[in-house]
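Structure first, commentary second.
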Amino acid sequence: MLLIYLLLFVALPLYTVLSGQAPLGRDFRTADRSSAGLAPPIDTTPEAVVQVYYARALNWRGIFGVHTWIATKPEDAAEYTVHQVIGWRLYRGLPAVVSGPGIPDGRWFGNEPTLMTELRGEAAARAIPKILAAVASYPYQNEYQVWPGPNSNTFMAYIGRQVPTLQLDLPSTAIGKDYPTNGSVVDRTPSGTGYQLSMLGVLGVSMAREEGFELNLLGLNFGIDFYKPALKLPFIGRIGAGEH
């Protein structure tokens with residue numbers, strides 16, 4: 001048991017730092033927020049587009065987890081709209097949820113984004129009104145907690161449940177994705193393809209076609225993805241097949 005604890009709470013976090021996955025000491029004022037070149041260019045993409053991204057959180061938070069967001073572009077739109085939760089907005093008396101024009105694939109304070117899922121054309125056009133409705137109905141507009149939630153990953157999980165065509169399989173490092181909506185103990189998983197049992201986001205279990213089997217212990221996520229075989233571990237994420 002001691003070896004297991006050392007692996008989980010010393011070796012894995014240390015690996016995220018030494019491997020460069022979670023760089024420390026980065027100044028948010030000068031960190032790179034430029035495009036990573038993953039989103040379809042506006043001028044050559046008239047079709048509707050929906051994209052969901054995640055990237056390591058800033059500095060020490062990145063050791064533990066990621067930040068997630070969703071970008072939408074209706075057909076023939078001149079710009080993308082980025083929807084996300086940003087906790088520091090609450091200190092300025094603003095809602096944590098923000099939607100506005102932005103770079104869909106922007107680096108998160110220097111950390112490279114990963115494209116999690118994408119819809120294009122008619123599928124995206126049908127999903128966008130549902131996404132906008134989910135953003136507007138998110139129950140924690142004025143609440144934010146890094147752990148166990150609600151946070152940016154709770155927001156993305158909520159959107160996934162409201163728009164199952166996204167089939168969101170949020171990474172195991174998306175701490176807060178299991179935080180329950182309005183205190184509910186049983187709910188659908190973020191992908192909408194199964195169900196989860198969650199006690200305030202700190203203890204739970206889930207089973208779904210997209211997510212596979214997942215166990216939540218104190219907000220740390222362990223799992224097995226059967227659909228695209230991989231282990232899901234806290235701190236480091238997937239070991240095995242990549243994103244769906």
Side-chain angles (χ1 to χ4, degrees), residues 50-58 60-72 82-91 94-100 108 111 113-114 116-117 127 130-164 166-208 210-211 214-223 232 234-235 237:
V50 173
Q51 292 187 314
V52 181
Y53 291 93
Y54 69 85
R56 285 280 173 176
L58 178 64
W60 65 267
R61 297 183 182 186
I63 298 174
F64 298 91
V66 299
H67 171 75
T68 54
W69 67 94
I70 185 168
T72 57
V82 178
H83 316 270
Q84 59 190 325
V85 159
I86 301 177
W88 59 259
R89 286 172 52 87
L90 294 177
Y91 296 112
L94 301 171
V97 176
V98 56
S99 296
W108 186 248
N111 294 327
T114 296
M116 191 187 321
T117 191
K130 299 176 182 178
I131 293 170
L132 298 181
V135 171
S137 65
Y138 177 61
Y140 304 115
Q141 298 277 340
N142 297 295
E143 296 180 50
Y144 182 89
Q145 290 187 96
V146 173
W147 179 91
N151 56 29
S152 65
N153 301 317
T154 310
F155 171 71
M156 194 54 55
Y158 178 81
I159 291 178
R161 294 186 183 100
Q162 304 303 308
V163 192
L166 293 170
Q167 295 190 347
L168 286 185
D169 178 12
L170 294 171
S172 58
T173 48
I175 292 176
K177 71 184 182 69
D178 297 318
Y179 191 82
T181 302
N182 295 325
S184 57
V185 176
V186 179
D187 204 344
R188 289 180 298 168
T189 58
S191 71
T193 63
Y195 289 89
Q196 71 174 43
L197 175 69
S198 179
M199 302 296 292
L200 301 177
V202 298
L203 183 65
V205 63
S206 66
M207 178 68 77
E210 286 292 324
E211 287 95 343
E214 294 184 353
L215 179 65
N216 174 16
L217 296 174
L218 299 179
L220 300 178
N221 204 267
F222 305 81
K232 298 180 173 182
F235 304 109

(request) Applying side chain to side chain donor-acceptor pair (under 3.5 Å), name anything that partners Thr154, two or more places apart in sequence or on another chain. (result) Asn151
(message) Walk me through whether Glu211 and Ser191 qualify under side chain to side chain donor-acceptor pair (under 3.5 Å).
(response) CA-CA 7 Å; Glu211 287 95 343; Ser191 71; 2.6 Å; yes
(request) For Ser184 and Pro180, work out which heavy atoms get closest and say how close. (result) O-CB, 2.9 Å
(message) On a heavy-atom basis, which atom in Asn182 and which in Pro139 lie closest, and how many Å separate them?
(response) OD1-CB, 3.5 Å
(request) Answer whether the closest heavy-atom distance between the side chains of Gln51 and Ile70 falls below 4.5 Å. (result) no
(request) List the steps and the verdict of side chain to side chain donor-acceptor pair (under 3.5 Å) for Thr181 and Tyr140. (result) CA-CA 9 Å; Thr181 302; Tyr140 304 115; 5.7 Å; no
(request) For Asn221, enumerate each residue passing the side-chain contact (heavy atoms from CB on, under 4.5 Å) test, keeping only those at least two apart in sequence or located in another chain. (result) Ser172, Lys177, Asp178, Glu214, Asn216
(message) Within this structure, what is the CG-CZ distance for the pair Asn111 and Arg61, rounded to the nearest 0.5 Å?
(response) 13.0 Å
(request) Find the distance between OG (Ser137) and CG (Leu132) and round it off to the nearest 0.5 Å. (result) 10.5 Å
(message) Return the OH to OG1 distance between Tyr195 and Thr189, rounded to the nearest 0.5 Å.
(response) 9.0 Å
(request) Could you tell me the separation between the NZ atom of Lys232 and the CG atom of Leu170, rounded to the nearest 0.5 Å? (result) 9.0 Å
(request) Evaluate the side-chain proximity of Ile175 to Phe64: yes if any heavy-atom separation is below 4.5 Å, no if none is. (result) yes
